[in-house]
Asker: 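Sharing a structure below in structure tokens format, with a few things to ask.
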Protein chains: 2
Amino acid sequence: MAAISNPVPKVPALADPPAVRYAGIASPAPVISIRDPKTHCMTCSMRERCLPAGLAVDELKQVDALIAHGIKLKKQEPLYRAGEVFHALYAIRSGSLKTSVLAEDGREQMVGYHMLGEIVGFDGIGIELHGCEAIALEDTEVCALPFASIENLARIMPALQHNLHQVLSNEIIRDQGAMLFLGRMRADERLAVFLLNLAERYRRRGYSSTEYVLRVTREEIGSYLGLKLETVSRLFSRFQGEGLIQVQGRAVKLLDAVALKRIVGQRR
Amino acid sequence: MAAISNPVPKVPALADPPAVRYAGIASPAPVISIRDPKTHCMTCSMRERCLPAGLAVDELKQVDALIAHGIKLKKQEPLYRAGEVFHALYAIRSGSLKTSVLAEDGREQMVGYHMLGEIVGFDGIGIELHGCEAIALEDTEVCALPFASIENLARIMPALQHNLHQVLSNEIIRDQGAMLFLGRMRADERLAVFLLNLAERYRRRGYSSTEYVLRVTREEIGSYLGLKLETVSRLFSRFQGEGLIQVQGRAVKLLDAVALKRIVGQRR
DNA sequence: CGACTAGTTGAGGCCAGTCAATGTTGGTGG
DNA sequence: CCACCAACATTGACTGGCCTCAACTAGTCG
């Protein structure tokens, strides 16, 4: 079967899926009250990547009014945990989060590595409980978008409605891209896809696409890629030895993105 | 890390995600005209599992009016292909479909095994192009739900709106469940999860949960589970030898579902 | 400075992949 | 009705990629 000529990106999705939801901070009672009066959508640098993208000013104000802005999470702090009641989507203003699903036996599969401008919490809409957990990878600031209110506003704001649908759909595409590399790719391909995907997402946010700092441990990368931490570590060393990247702990520099792309889909 | 006490199902999701979309039958020009005047939502056996679930009679009629019902697909016929323009979601009235993503090098990862009452086509909303392809696994009948019209109706029918969001969210949960077994489970666990999941879905539709006929080849099962067809075949034989199941080609009988569940999460 | 976490590297084993031969099934046409 | 064929499935022998176990290093924080 030859390469299908379609606009599917070279390297599987993995990409940019925002997911927003209500602010649980830690656990039981959702904390809505933590509102920083100074933070608003109008002044948010991620405004055009977020759910209210493209709204008129008066519409934006209405959305803004029901959002709990400036919810702060410390590194390692959960935004929500599996089984918690779903109230809201969460938009990441700054920092980053991981989302993971857990098997009963304790095995953890990281299903998302989310950075600023993305939205988390979409699992949960259907069954009104979160199916996975979201943990801050560094000090992180999110905005809670109470979902019932979003649904109400979406009925009178077609643009908001359509943005919501897009964001949900993009999350599905992203997950399917992850299934592709988990199911069909070798370890080196998975890591190459991961590194290239991060580069692209940083680029779109105006950061360097060749140099960035990972917010995750080798073990977490392994959890995301379906590999063991030793395998991830060995691959970093191998890629460095081959002159593809330069690694110093969590600082990564892509030296030869073209060669990295060639790894993906190569019979070896 | 111990078992998390939450309402997450024992065996990872994989489950019931409908996805609906516009009728492309084969390829270029979408065929809306194939409407069977005798088929309507009102008389559809999947009415309560579908997007219009819970709508009032007059609302249902409005939804019904814009749906292209009774689109027939022959076995192996594509409903849509990767790269095609997105117009609609598709509800499966009868039969079954697989959805797959394709890597440029031709590798295929099946990302969904959809049966009647489910909706396909959610990838596509975001970028307005289908990211994966949907192929009929047997002679299959679907209804096309033009997405723009659905969005319009959703703004005046909160129940429809919420159903749509649920269905999208459930698809995300399902995909994350698939990531869990692709990333973290051994081959035998994956197949056990797959068989149990199918049983549960048939049960919910009123069919036998212990006896069913697979609509997919060993190779397709492998594509879904991230395994090779030989491995799938060997596992069927092993499970049969251990008295867990009885297999005859594609006909499967679950003899010991409890033992099958025990396989999942067992250190071996 | 000691305890801890994160990361690197090596040796060896095992699970699933690969290659290959054989068996089974279902559809088609004589 | 049955012979034929192609697609699907089974099974075996062997290989290899990733995991496991383990030792060691580097950095961090009290």
Side-chain angles (χ1 to χ4, degrees), chain A residues 1 74-76 98 105 107-110 135 137-138 181-192 194 213-242 245-252 263-264 266-268, chain B residues 1 74-76 98 105 107-110 135 137-139 181-194 213-242 245-252 263-264 266-268:
Chain A
M1 187 188 326
K74 289 220 181 305
K75 186 173 175 173
Q76 302 290 19
K98 67 166 178 175
D105 59 10
R107 277 181 290 192
E108 177 183 341
Q109 172 68 41
M110 184 168 152
I135 310 280
L137 294 169
E138 58 194 309
F181 74 71
L182 286 174
R184 301 252 78 88
M185 292 192 178
R186 289 188 318 274
D188 56 351
E189 296 182 275
R190 299 185 200 188
L191 186 61
F194 177 71
V213 175
L214 297 166
R215 253 66 236 210
V216 281
T217 63
R218 300 289 188 263
E219 183 165 23
E220 284 166 328
I221 297 172
S223 169
Y224 193 30
L225 302 180
L227 303 170
K228 289 290 155 183
L229 68 98
E230 296 94 330
T231 304
V232 174
S233 180
R234 273 184 249 272
L235 285 169
F236 271 123
S237 301
R238 192 190 108 195
F239 284 178
Q240 178 158 257
E242 291 170 347
I245 63 172
Q246 202 171 296
V247 211
Q248 179 75 256
R250 301 193 188 175
V252 175
I263 284 186
V264 182
Q266 193 174 264
R267 189 137 297 286
R268 178 179 289 259
Chain B
M1 188 189 323
K74 289 219 182 303
K75 187 173 176 174
Q76 301 289 18
K98 68 166 178 174
D105 58 12
R107 276 180 293 191
E108 176 183 344
Q109 172 68 40
M110 183 169 153
I135 311 280
L137 295 170
E138 58 194 310
D139 289 1
F181 74 69
L182 286 174
R184 300 254 78 89
M185 292 190 180
R186 287 187 320 273
D188 57 351
E189 295 182 276
R190 298 185 200 188
L191 186 61
V193 167
F194 176 71
V213 175
L214 296 167
R215 253 66 233 212
V216 282
T217 63
R218 301 289 188 262
E219 183 165 24
E220 285 166 327
I221 297 171
S223 169
Y224 193 30
L225 302 180
L227 303 170
K228 289 291 157 185
L229 68 99
E230 295 94 329
T231 305
V232 175
S233 182
R234 272 184 249 274
L235 285 170
F236 271 123
S237 301
R238 193 190 110 197
F239 284 178
Q240 178 158 255
E242 291 170 346
I245 63 172
Q246 202 172 298
V247 211
Q248 179 75 255
R250 300 192 188 175
V252 175
I263 285 185
V264 183
Q266 192 173 264
R267 189 137 293 287
R268 180 179 288 258

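Within every chain, numbering begins at 1; the chains are lettered A, B, ... in the order of the sequence lines, protein sequences first and strands thereafter.
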Asker: Without swapping roles, check the side chain of Arg218(B) against the backbone of Leu229(B) for a donor-acceptor pair under 3.5 Å.
Answerer: no
Asker: Could you check whether any side-chain heavy atom of Val232(A) comes within less than 4.5 Å of a side-chain heavy atom of Glu219(A), counting everything from C-beta outward?
Answerer: no
Asker: Base, sugar-phosphate, or nothing: which does Gly222(A) touch, judged by heavy atoms less than 4.0 Å apart?
Answerer: nothing
Asker: Between P on dC15(C) and CE on Met185(B), what's the gap in Å once rounded to a whole number?
Answerer: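 Distance check: Met185(B) CE to dC15(C) P gives 17 Å.
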Asker: For Arg238(B) and dC15(C), what is the distance between atoms CZ and P respectively, to the nearest whole Å?
Answerer: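 So the two atoms are 10 Å apart, to the nearest Å.
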Asker: Which residue lies toward the 5' end of DNA chain C, Arg184(A) or Val216(A), if each is placed at its nearest nucleotide?
Answerer: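 Nearest-nucleotide comparison on DNA chain C picks Val216(A).
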Asker: In whole angstroms, how far is the P atom of dG27(C) from the CD atom of Gln76(B)?
Answerer: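 So the two atoms are 13 Å apart, to the nearest Å.
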Asker: Base, sugar-phosphate or nothing for Leu227(B)? Non-hydrogen atoms, less than 4.0 Å.
Answerer: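 Answer is sugar-phosphate: Leu227(B) comes under 4.0 Å of backbone atoms only.
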Asker: Please report the shortest heavy-atom distance between Gly226(B) and Leu182(B), naming the atom on each side.
Answerer: N-CD2, 3.7 Å
Asker: How long is the line joining NZ of Lys75(B) and P of dG27(C), in whole Å?
Answerer: 7 Å
Asker: Counting only N and O atoms by type, is there a donor-acceptor contact under 3.5 Å from the side chain of Gln109(B) to the main-chain atoms of Tyr224(B)?
Answerer: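 Such a contact is found between Gln109(B) side chain and Tyr224(B) backbone.
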Asker: Under 4.0 Å, counting only non-hydrogen atoms across every strand here, what does Ser237(A) touch: a base, just sugar-phosphate, or nothing?
Answerer: sugar-phosphate
Asker: Kindly say if Arg250(A) contacts the phosphate of dG7(C), meaning a side-chain N or O under 4.0 Å from OP1 or OP2.
Answerer: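 Yes, within the criterion.
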Asker: Verify the contact: side-chain N or O of Arg186(A) to OP1 or OP2 of dC18(D), cut-off strictly under 4.0 Å; return yes or no.
Answerer: no
Asker: Just compare dA16(C), dT25(C), dC18(D) and give me whichever is closest to any side-chain atom of Thr231(B).
Answerer: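 Minimum distance to the Thr231(B) side chain belongs to dA16(C).
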Asker: Count the heavy atoms of every other residue, nucleotide or ligand shown that sit under 6.0 Å from CD of Glu138(B), and state whether that count exceeds 12.
Answerer: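 Check passes, neighbour count above 12.
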Asker: Considering every strand and a 4.0 Å limit on heavy-atom distances, what is the contact class for Thr217(B): base, sugar-phosphate, or nothing?
Answerer: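 Sugar-phosphate contact only - Thr217(B) comes under 4.0 Å of backbone atoms but never of a base.
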Asker: Let me know the distance between CD of Glu219(B) and C1' of dA7(D), rounded to the nearest Å.
Answerer: 11 Å
Asker: Counting only distance, no hydrogens or angles, is the base of dC21(D) paired donor-acceptor with the side chain of Glu230(A) under 3.5 Å?
Answerer: yes
Asker: Phosphate oxygens OP1/OP2 of dT25(C): is one of them under 4.0 Å from a side-chain N or O of Gln248(B)?
Answerer: yes
Asker: Among dT25(C), dT10(D), dT18(C), which nucleotide has an atom closest to any side-chain atom of Lys228(B)?
Answerer: dT18(C)
Asker: Identify whether any heavy atom of Glu220(A) sits under 4.0 Å from a base atom; if not, whether one sits that close to sugar-phosphate; answer base, sugar-phosphate or nothing.
Answerer: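 Answer is nothing: Glu220(A) stays at 4.0 Å or more from every strand.
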Asker: Nearest whole Å is fine: how far is dG17(D) C1' from Asp188(A) CG?
Answerer: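 Distance check: Asp188(A) CG to dG17(D) C1' gives 10 Å.
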Asker: Tell me if a side-chain donor or acceptor on Arg184(B) pairs with a main-chain N or O of Ser223(A) at a distance below 3.5 Å.
Answerer: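 It does hold such a pair.
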Asker: Just how far, in rounded Å, is C1' of dC19(D) from CG of Leu235(A)?
Answerer: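 Roughly 13 Å, once rounded to whole Å.
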Asker: With a non-hydrogen cut-off below 4.0 angstrom, is Arg234(A) in contact with a base, only sugar-phosphate, or nothing?
Answerer: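 Base contact.
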Asker: Whole angstrom is fine here: how far is it from CZ in Phe239(B) over to C1' in dT10(D)?
Answerer: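 Spelled out: CZ on Phe239(B) to C1' on dT10(D) is 16 Å.
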